[in-house]
Number of protein chains: 2
Amino acid sequence: MNEHQWLQELLKVNNEEVKLSDKQAKILEAAIEMFAEKGYAATSTSEIAKRAGVAEGTIFRHYKTKKDLLLAIVTPTITKVVAPFLAKEFVKEVFEHQYKSYEDFIRALMKNRFEFVKKHLPLIRIFWQETAFHAEIKEQIQAVFMQNVYEKFKRIIEYFQAKGEIVELPANAIIRMTITTIVGFLLTRFLVLPDGQWDDELEMERTIRFLMDGLAKRD
Amino acid sequence: MNEHQWLQELLKVNNEEVKLSDKQAKILEAAIEMFAEKGYAATSTSEIAKRAGVAEGTIFRHYKTKKDLLLAIVTPTITKVVAPFLAKEFVKEVFEHQYKSYEDFIRALMKNRFEFVKKHLPLIRIFWQETAFHAEIKEQIQAVFMQNVYEKFKRIIEYFQAKGEIVELPANAIIRMTITTIVGFLLTRFLVLPDGQWDDELEMERTIRFLMDGLAKRD
DNA sequence: ATTTGAAGTGAGTAATCACTCATTTATTCA
DNA sequence: TGAATAAATGAGTGATTACTCACTTCAAAT
């Protein structure tokens, strides 16, 4: 059993095992930490090597360029960051009435993302920070969103609209408001005011209530 | 009259005239553009000098270090970015019944911020991107917010809570939801999907409606 | 025990970095 | 006009950058 198991798990694509030598795992771990702390552009490969306890040349054995190293972190994790829906349960369960309301669905989505962000905060920082600078990353994220999230999300919304549970706005607007509200809470909680006193359960329920009242069917 | 008038205006603190030589203005303009596009760490002073049409030494005549140049952009504009309330009238007008409802207040705030972001997008990008990497900037923003926005915002909320217009949640929670909703819209509109087809008036009204329904007094 | 290919190393490289400073150019005012 | 001051210059600095490569170490298979 591997001490870097969480990394192996995180980097899996389609649940296929990924093989990482011990040094390679240490490089990735160090890179994640430092890119999150100082940003990609301000982090040097020599610093990464030092923190990983590895010769600088070793980094370039595994990754042709520094940018390749960044993408080796970002690309295989995009799906896990932006498409929780692929944690299969989600969509299926909605239509199998696992969730009897949009609210229950939102609650599950929110708790799922809350735990993910809490567990992988440095990775989230990297996404948040580097998306602004690397067009490829932004494009990959949008592609994954369109392919794996958008249509399913839309169908869920239309399902609950048909049931008269939520307001008859365009699905795009509802998606935007839902994501904005959840992401806004998570960023405030973990990036803007991580040192505040948070009653997470309470604040999530308030946020869900706010979202549901904002999206409630109007008479 | 100066062709860099917008810069002069933007950099004013307490409405006091700021004197910028022509070259100095060009340096600031170039720095704002490039920091916004590539990020502070990935932008070299030689590039800035080139774009500004100035010798590299000239930059360091005016700003001791590259970081000084960044702070010369950020520090004097913080108030304008995070404290629209200081466009003083705000609070006063609320209590003088300029705004007869929280909704009218939110609408004015939103339109005000919409125009500001639209007009100063590169500056907003710099704030958004560099706050993550420079603790001083984050601290300055929080200080300005606490000194100039927080208490006033809180009083406005309590005023409309007393009138029974909005829900009796802690002011902190209402502030968070309000800001999250407005900022979420503006970031989606101008940074995430700037190329989408937006009916800005319509989308703002939807967002206001969403926010007001989410914060409405509950029975 | 020997072979072999992969993994790892670290000194070396050219390019670029932020920043300096002696000098030149422009501006101000007597 | 000329002297004094300020603004601007660009070649030069040492440090650091991402990346290379000849070489060593390691692990597994024969």
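Residue numbering restarts at 1 for every chain, and letters A, B, ... go by the order of the sequence lines. Keep in mind that this is a model prediction, so the values were computed, not measured.
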Which whole-number value in Å describes the distance from [X] [atom1] to [N] [atom2]?
X	N	atom1	atom2	answer
B/I27	D/dT9	CD1	C1'	12 Å
A/K64	D/dC21	NZ	C1'	17 Å
A/K19	D/dA27	NZ	P	17 Å
B/K50	D/dG10	NZ	C1'	14 Å
B/K26	D/dA7	NZ	C1'	14 Å

- request: Any side-chain hydrogen bond (donor to acceptor under 3.5 Å, both in side chains) involving residues 169-180 of chain B? Give me the pairs, sequence neighbours left out, ordered by first then second residue.
  value: A/E203-B/R176, A/T207-B/R176, B/Y102-B/T178, B/Y150-B/N172

- prompt: Can you pull the side-chain hydrogen bond (donor to acceptor under 3.5 Å, both in side chains) pairs that have at least one residue in residues 185-199 of chain B, sequence neighbours excluded?
  reply: B/R189-B/D200

Got a salt bridge between [X] and [Y], using NZ or NE/NH1/NH2 to carboxylate O under 4.0 Å?
X	Y	answer
B/K67	B/E136	yes
B/E201	B/R206	no
A/K38	A/E47	yes
B/R107	B/E103	yes

Anything under 3.5 Å between a protein N or O and an N or O of nucleotides 16-18 of chain D, put it in a table, one pair a line.
unit_1	atom_1	unit_2	atom_2	d
D/dA18	OP1	A/T43	O	3.3
D/dA18	OP1	A/K66	NZ	3.0
D/dA18	OP2	A/T45	N	2.8
D/dA18	OP2	A/T45	OG1	3.0

field: Partner residues of B/E17 under the salt bridge (Lys or Arg N to Asp or Glu O under 4.0 Å) criterion, sequence neighbours left out
entry: B/K12

field: Selection residues 47-81 of chain B - residue pairs positive for ring-ring contact (aromatic ring centres under 6.0 Å, His included), sequence neighbours left out
entry: none

field: Contact pattern, 5' to 3', of nucleotides 3-8 of chain C - B, S or - by protein heavy atom under 4.0 Å
entry: -----B

